[in-house]
Amino acid sequence: MKLVKNGKTKDVYQLENGRYLLKFKDSVTGGPGGVVDPGGNSVVGEQAGMGRACLAMTSFIFGEAARRGLAETHMGAVNLDESTMEVVPARPFGQGLEVIVRFVATGSFVRRYGLYAEDGRRFSAPLVEITLKDDERGDPLANDETLVELGLATLEEIAKIKAQARSIAGLIQELGQKNGLDIFDLKMEFGRSAEGKLLLIDEISPGSMRAYKGGQRLQGPELAQAFTA
Ligand SMILES: Nc1ncnc2c1ncn2[C@@H]1O[C@H](COP(=O)(O)OP(=O)(O)O)[C@@H](O)[C@H]1O
Ligand SMILES: [Mg+2]
């Protein structure tokens, strides 16, 4: 198996059958000072069982999104004991986009718009943002016109990405609520298949979101457990 990418939370291998194999690792991501943060761009530690939990949660959510016809996903065979998922290789938009859906103002949103938005304010409707995957530049926010001008996506693709992101976030909110979770925000990734179809790719795991239960933040395997229970 050829290693294609050594990522922060996963290693990506090329399989003989043309697919990719994602190996979920036990790493925990965060921001400066080692603070655990879904917006963080560095590995701040390791936690046993993290890879397996992230895979379990991802496969549960991706399976549910596909079953309900909300999105097509890259997901193929899952092996929980090996912490691996076979996936359809996708072409990223540029070097990758992150799609963020926010229900509550917090994190980088408040850092940017603190003049008008206090931390914890619930939005009237889910708010979608797209950022460029660019660690060096702190994953800058890009509006639709910027994405088109930079040649990263067409307006049609952007509209489809936003619509799917909203419905997937709605699904996650619904699944969370069943278990008493309040989801503040979450992020996901999309790519294109060889035929040009939009695919939900990568992972949606504890590190992809901020989730609270009874006012307490839930993270890691505990959060994955709350979803897959
Ligand atoms: N189906 C796919 N096809 C191609 N690339 C993918 C697919 N699913 C995920 N990826 C990419 O593989 C990498 C996974 O490793 P990860 O540890 O998440 O990386 P990162 O350090 O960028 O967060 C990411 O760059 C992600 O965009
Ligand atoms: Mg990642």
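Just so we're clear, the structure is a prediction, and the values are computed from it rather than from any experiment.
In summary, R192 and E157 engage in a salt bridge, as defined by a charged side-chain N under 4.0 Å from a carboxylate O. Using a cut-off of 4.0 Å between Lys/Arg side-chain N and Asp/Glu carboxylate O, D182 and R122 are scored as salt-bridged.
You'll find the side chain of V88 reaches within 4.5 Å of the side chain of L199, heavy atoms only. Side-chain atoms of L3 and D11, non-hydrogen and from C-beta on, do get closer than 4.5 Å to each other. The shortest distance between side-chain heavy atoms of M188 and I168 falls below 4.5 Å. Within the 4.5 Å cutoff, the side chain of R52 has heavy atoms near those of the D81 side chain. Considering only heavy atoms from C-beta on, L147 comes within 4.5 Å of L97 through its side chain. Under the 4.5 Å side-chain criterion, counting only non-hydrogen atoms from C-beta, M75 is not in contact with T58. Between L55 and M85, some side-chain heavy-atom pair lies under the 4.5 Å cut-off. Contact annotation: the side chain of T131 approaches that of I100 to within less than 4.5 Å [non-hydrogen atoms, C-beta and beyond].
Residues passing the side chain to side chain donor-acceptor pair (under 3.5 Å) test with K133 are E189, sequence neighbours excluded. Looking at residues two or more places apart in sequence or on another chain, you find a side chain to side chain donor-acceptor pair (under 3.5 Å) between R137 and D134. For Y212, the ring pair (Phe, Tyr, Trp, His ring centres under 6.0 Å) criterion is met by F184, not counting sequence neighbours. For D26, there are no salt bridge (charged side-chain N to carboxylate O under 4.0 Å, His left out) partners two or more places apart in sequence or in a different chain. Under the side chain to side chain donor-acceptor pair (under 3.5 Å) criterion, S108 pairs with R102, R112, sequence neighbours left out. A search for side chain to side chain donor-acceptor pair (under 3.5 Å) contacts involving Q219 returns R217, not counting sequence neighbours.
A side-chain N or O of T9 and one of E203 form a donor-acceptor pair less than 3.5 Å apart. Residues E86 and N79 have side chains that never bring a donor and an acceptor to within less than 3.5 angstrom of each other.
The shortest heavy-atom contact between D135 and D139 is N-OD1, 3.7 Å. Nearest heavy-atom pair across A71 and L200 is CB-CB, 4.4 Å. Nearest heavy-atom pair, I172 versus L186, reported as atom, atom and distance to 0.1 Å: CD1-CD1, 3.4 Å. When all heavy atoms of A165 and V101 are compared, the pair lying nearest together is O-CG2, 3.7 Å. When all heavy atoms of P221 and A48 are compared, the closest pair comes out as CG-O, 4.4 Å. When all heavy atoms of A142 and L132 are compared, the pair lying nearest together is CB-CD2, 3.8 Å.
Residue pairs meeting the salt bridge (Lys or Arg N to Asp or Glu O under 4.0 Å) criterion with at least one member in residues 159-181, sequence neighbours excluded, are R68-E174, D144-K162. Listed by first and then second residue, the ring-ring contact (aromatic ring centres under 6.0 Å, His included) pairs that reach into residues 143-172 come to none, sequence neighbours excluded. Within the structure, ring-ring contact (aromatic ring centres under 6.0 Å, His included) pairs that include any residue of residues 72-93 comprise F62-H74 (at least two apart or interchain). Within the structure, no pair that satisfies the ring-ring contact (aromatic ring centres under 6.0 Å, His included) test touches residues 188-210, not counting sequence neighbours. Sorted pairs that involve residues 4-27 and meet ring-ring contact (aromatic ring centres under 6.0 Å, His included), not counting sequence neighbours, are lacking altogether.
Between the side chain of N143 and the backbone N or O of E145, at least one donor-acceptor pair lies under 3.5 Å. Under a 3.5 Å cut-off, the side chain of K25 and the backbone N or O of G7 do form a donor-acceptor pair. For the pair T106 (side chain) and D119 (backbone), a donor-acceptor distance under 3.5 Å is absent. Judged purely by atom type and a 3.5 angstrom limit, T84 has no side-chain atom pairing as donor or acceptor with the backbone of L80.
Within 6.0 Å of CD on E118 lie more than 12 heavy atoms contributed by other residues, nucleotides or ligands.
Under the 4.5 Å side-chain heavy-atom criterion for ILVMFWY residues, no single connected hydrophobic cluster contains both I183 and L127. Placement of V4 and I201 in two distinct hydrophobic clusters is found when ILVMFWY residues are connected by side-chain heavy-atom separations under 4.5 Å, directly or transitively.
The NZ atom of K8 sits 8.0 Å away from the OG atom of S42 when rounded to the nearest 0.5 Å.
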Side-chain donor-acceptor pairs under 3.5 Å in residues 222-229, sequence neighbours left out?
| from | atom 1 | to | atom 2 | distance (Å) |
| --- | --- | --- | --- | --- |
| T228 | OG1 | A224 | O | 2.8 |

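For an aromatic pair to be called close, the ring centres must be under 6.0 Å apart, and F109 with Y116 fails this.
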